[in-house]
Every structure is written in C-alpha cells, then in structure tokens.
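Hydrogens, waters and symmetry mates play no part in the numbers below; they use all other heavy atoms, side chains included.
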Amino acid sequence: MPMQAQAGQPGGGRKVNAQVAIIVSAVVAIALIVGGGVWYATSSGKDDDKQTTAEGGDTKGGEGDGKEGGSGDGGATTGEAEEKAPAATGSKVLFQVPSPKVPKGVTTISIAGSWLTDSVYAKSGLSEITGYDRKSGTKKWTLDLPGPVCAATPHVTDDNKTAIVHKPAMPSKTDPQACTEVAVVDVAAGSKVWTKTAKSGTMPVSFNNVTIGGGTVAAGSTSGGAAWDLATGDERWAPKTSDSCYDAGYGGGAKLVAVRKCGSYDQRQLHIQNVDPKTGDVLAEYKMDEGIEYAAVVSTDPLVVAADVGDSAGDGSGISDFFSIDNKTGKLRARLSAPGDEFAARCDAIYKVENCTGVTVGNDRLYIATEEHDSGGDSYSQTNEVVAFDLATGKQTGQRADAGENYEIFPLRMDGPDVIAYKRPPYDKGGQVVSIDGESFKETILMENPSTEAVRDVESRMSPDYSEIQFGQGGLYMSSVYASDFTSREKEYSVIAFGTE
C-alpha cells in the first residue's frame, strides 16, 4: 500500500534522507540459449502463413530522402533525416515470435519492453529478454530474469544501455509479486549491467515506471522513488517521501523531468519539475492547476506534458490538453487544446508517466493523430490525419498529412526534422510506414506490408494504441505488451517483423 504522506513540509525537495536506503541485489547470470522460439516466414511453400511478399500493384514510394534516427528523446530535433525509401517498398515478413505460455493459474503477465539497435531487436518475454538478429530473427542472446518485466523505458543510450523494472520471482495465484527490481541492460550484448532495489521505511518500493536521462536511471511510484548512476549503479538521490508530496514518475531522454504529486486526494496539485539528473535539485518547476490528477511527459526537450483536465477527455485517452513549458524557467509557453473526441493520442499517465502513443514532438511542434472520421463523398470509408501544433503559440500550423481512404495514421517518432508514421490498413491490405516532411508535409512511403490474410491477421492485432512499434533502417517491429491465457486461437504471436531489404 502507498505510504501515507505527512503534511507540513514543502514539496520541492528530493535529497536522500534517512528513510530511504538503497539495497544492491545480486547480478543475474546470463544464459545463452540456442534453439527455437522463432517462426520463420519465407516466400515459398504451400502454407498461407508463408505468403509474405506484397502482391504487385502500386507499392513503390515517392522520390526523396528517407529517414531514420529516433534518439528517443521525444522532442529535440537534431541532425538530418536518415530513413531512406528503398527502390521497392513492398516488404516481407522477416520473422515472428510465438506468444509465451503463461503459468497455470495466472491469466496475464506483462511482457513490456522492446528495443532496436543497429544489429539487434530485443524483446521481453515471460521472465527473460531475448535479442534477435534484426534481419533473420535468429536468437543472438537470451538474458534470464527471475520474474517478468513490469515496466521499461523506450530510451536507449548511444552505447546500447536501457533500463527496466522487473519482479524478483515469477508471480503465482497466491503471490503476484511486487515490481521491486530496477536493472540496466546492455541490449547489444545481452547482459545485465546492474540491479538495485530501494526501501521506503522498512518496506521495499514497488516501482511503476523507470526512465533514463542525463546519465541517471530514475524510477518512481506512489510509495517512493530513487535514482542511480547509469554506468555504476551508485545511488545518486531519492525524492523526499516524508512530506505531502511524492514523485509519481519521470520522463527521460534529453533531460530528466519529474511529475511530483502534492496535496491530499481532493486537493491534488501536480508539479512538473526539470531536475538535475546528478543531484535531483529542481532546476525549474511548473505547478499545474489543482484538480488535475495525472500527467504524462510527452517530451523533455522541448518540455511537453499531456493531461486530462477535469476528466473532460471522455474517451479514456488520458488527454484533453497539452502543456508546452519552458524547461529553463518553468513558465507555461502555451496550452494546446486537444479534445478526446477530435484527437487520437493516448497516454497511460496513471502509472507509466512517459507512455504516450499517437503523438511526437520535434521542430518545436507537436504532431498528433486525429480521430477517425468519414472520408466524405458517397463511400462509407473512414480516415484520419496527422496535424501539427506550434508549441510557442498553442495554435495549429495548418499542416496536415492524410492517412488515405480506410487507413488510420499514427506518428511514431521524429527522424531529424521529419515524422515517421505508421498507417493501420483496411481489412484487405497491409500496413504502411511513411515519412512526413517536417515542412511541406509531403509523405514518402518507406514500407508497405503484405496483404495476404495470414500476415494481415497478425499485423492487425498489433494496435498502435496498445502495442510497441519500432521502425529503423528499413525494418518494422511490432510487439505485444501482455501475454495471457484468454485466447483460444491456435497461433498467437508476440512479435512480427517486416523488412524491405
């Protein structure tokens, strides 16, 4: 249970105090497992699952530079676009990974976390992380964990380090286990760098989220938080939990931003704090209006926060407004109205502070998917768009990228000045990946997936709202975040990967 806050002390402090002790747990050994687990698709054979080549037709993308990149900071626009449109944009299935079987008596287990390096696609399983060759799907390594991954940051450092929270043992019907273990993983080598836990009073902290920013790993929850040096695992700081405030979570990437909750339940106030990653000192702070219960960090540089003001979104998206904040002064630059019935972005701000889909930030603009609507004319088709907001003014720029008839478009990330977006297809076609020019909004097709029924059936289950989608260097990797025993289907997959090369 969350610790009861004690009133009477300010909410801005976050130095280590006597109530917070950091415990080092043992480093888990690496097990290198050779063998199955991956279903390989080829263009030959009689099985319909193996029909992986896009069927003829107009599948070539337009001319121009393609785009890669994706530092994962969610906001800062740096460098040139890197993803390039191939000569032929029709893709094939590179590999699929079967969904893991959950233990008896357990209905659902988190398998959150997927990461992309130059050579490896890494994905969480029931109690392990597996690194696959990003082109062939061959297992390159398997890192065994004592329990499932509860939360993972999407950020990967230049030297391929990322952070996760995992359980200390496999859950059971009688013991679900708490999410107490924070670890740094080298996703290129398949090794665990370190593992730490923290205590609030005498109780181990169960963490809801974790991120990386400025060489620091920070994890937060209602019962306490902690921060460690990314390289060494040494304790850096922890937020005070002896007052009326606690750090609900952190956004990482270019900077480190805390969402700090203060006050009683009926008089809640959120403090959005740009913090020094090394010391935890508050560099700048924006106090949101009282009554806003949850907020998500969309980007740390420029600083953009999403919130459902007055529970007005009405669609479960967690977003009614975006707040553009000066992360040097803490002053509000602009408030962007994004009603839930008009825009399709979603944030899981209750627990996963930086988990947002359908939105990305770059060029000092916010790019967001609109809700589906009628295409117009005599048809009954649906479509949507990606539109842009100016973060300085809070107004729409007038730029718009159309999904096309019966497609639905979702921005994934920035690629230099351009936007990488995924198009969810109609029932009889494969999905697409496009690059949207940051200025002209011209779309360039980077990939078009096979339209065979077996492939569509797997791809359609990877909803952009509730799945993890990675794209880079001509490869698209779509994965589930849960494994469950709810399905009666003969074949279920946790990963499907597409490539054009």
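Residue Leu230 comes nearest to Thr157 through the heavy atom pair CD2-CG2, 3.6 Å, listed as atom of the first residue, atom of the second, then distance. Nearest heavy-atom pair, Ala188 versus Val120, reported as atom, atom and distance to 0.1 Å: O-CG2, 4.2 Å. Nearest approach of Pro411 to Thr360, heavy atoms of both residues: CB-CG2, 4.0 Å. When every heavy atom of Val149 is checked against every heavy atom of Ser124, the shortest pair comes out as CG2-OG, 3.6 Å. Closest of all the heavy-atom pairs between Ile109 and Pro171 is CD1-CG, 4.2 Å. Contact detail for Val353 and Gly249: the closest heavy-atom pair is CG2-CA, 3.6 Å.
A donor and an acceptor atom, one from each side chain of Ser375 and Ser381, are located under 3.5 Å apart.
Put simply, the side chain of Ile436 does not reach to within 4.5 Å of the side chain of Gln399, judged on heavy atoms. At a threshold of 4.5 Å between non-hydrogen side-chain atoms, the residues Glu354 and His155 count as touching. Contact of the Glu459 side chain with the Asn449 side chain is registered, since non-hydrogen atoms from C-beta on lie closer than 4.5 Å. Taking 4.5 Å as the limit, some side-chain heavy atom of Gln473 sits within range of a side-chain heavy atom of Arg134. Within the 4.5 Å cutoff, side-chain heavy atoms of Arg413 are placed close to those of Phe471. Side-chain contact between Ile420 and Val434: absent, with no pair of heavy atoms (C-beta onward) separated by less than 4.5 Å. Looking at heavy atoms from C-beta onward, Thr130 lies out of side-chain contact with Trp141 at the 4.5 angstrom threshold. Counting heavy atoms from C-beta on, the side chains of Pro146 and His166 come closer than 4.5 Å.
Ring to ring, Tyr121 and Tyr477 are close: their centroids are under 6.0 angstrom apart. Ring centroid separation for the pair Phe343 and Phe389 comes in under the 6.0 Å cut-off. Between Phe95 and Tyr132, the gap from one ring centroid to the other is short of 6.0 Å.
Panel note: side chain Glu408, backbone Lys423; no donor-acceptor pair is recorded below 3.5 Å. In this structure, the side chain of Arg424 does not engage the main chain of Gly431 through any donor-acceptor pair within 3.5 Å. A donor-acceptor pair under 3.5 Å links the side-chain atoms of Arg456 to the main chain of Tyr427, judged by distance alone.
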Candidate pair Leu303 and Ser324, rule side chain to side chain contact (heavy atoms under 4.5 Å, CB included), full reasoning: CA-CA 6 Å; Leu303 179 52; Ser324 173; over 6 Å; no
Test log, rule side chain to side chain contact (heavy atoms under 4.5 Å, CB included), inputs Ser110 and Cys150: CA-CA 6 Å; Ser110 168; Cys150 308; 5.6 Å; no
CA sep, side-chain torsions, deciding dist, call: Val210, Val217, side chain to side chain contact (heavy atoms under 4.5 Å, CB included): CA-CA 7 Å; Val210 66; Val217 176; 3.7 Å; yes
Residues Thr383, Asp402; criterion side chain to side chain contact (heavy atoms under 4.5 Å, CB included); working and verdict: CA-CA 8 Å; Thr383 190; Asp402 296 316; 5.5 Å; no
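Salt-bridge check for Glu468 with Lys123: passed, with a basic side-chain N closer than 4.0 Å to an acidic carboxylate O. A salt bridge does not link Lys101 with Glu492: none of the charged nitrogens is closer than 4.0 Å to a carboxylate oxygen. Ion pairing between Glu439 and Arg365 holds under the 4.0 Å rule for side-chain N and carboxylate O. Salt bridge present: Asp186 and Lys161 bring a charged side-chain N and a carboxylate O closer than 4.0 Å.
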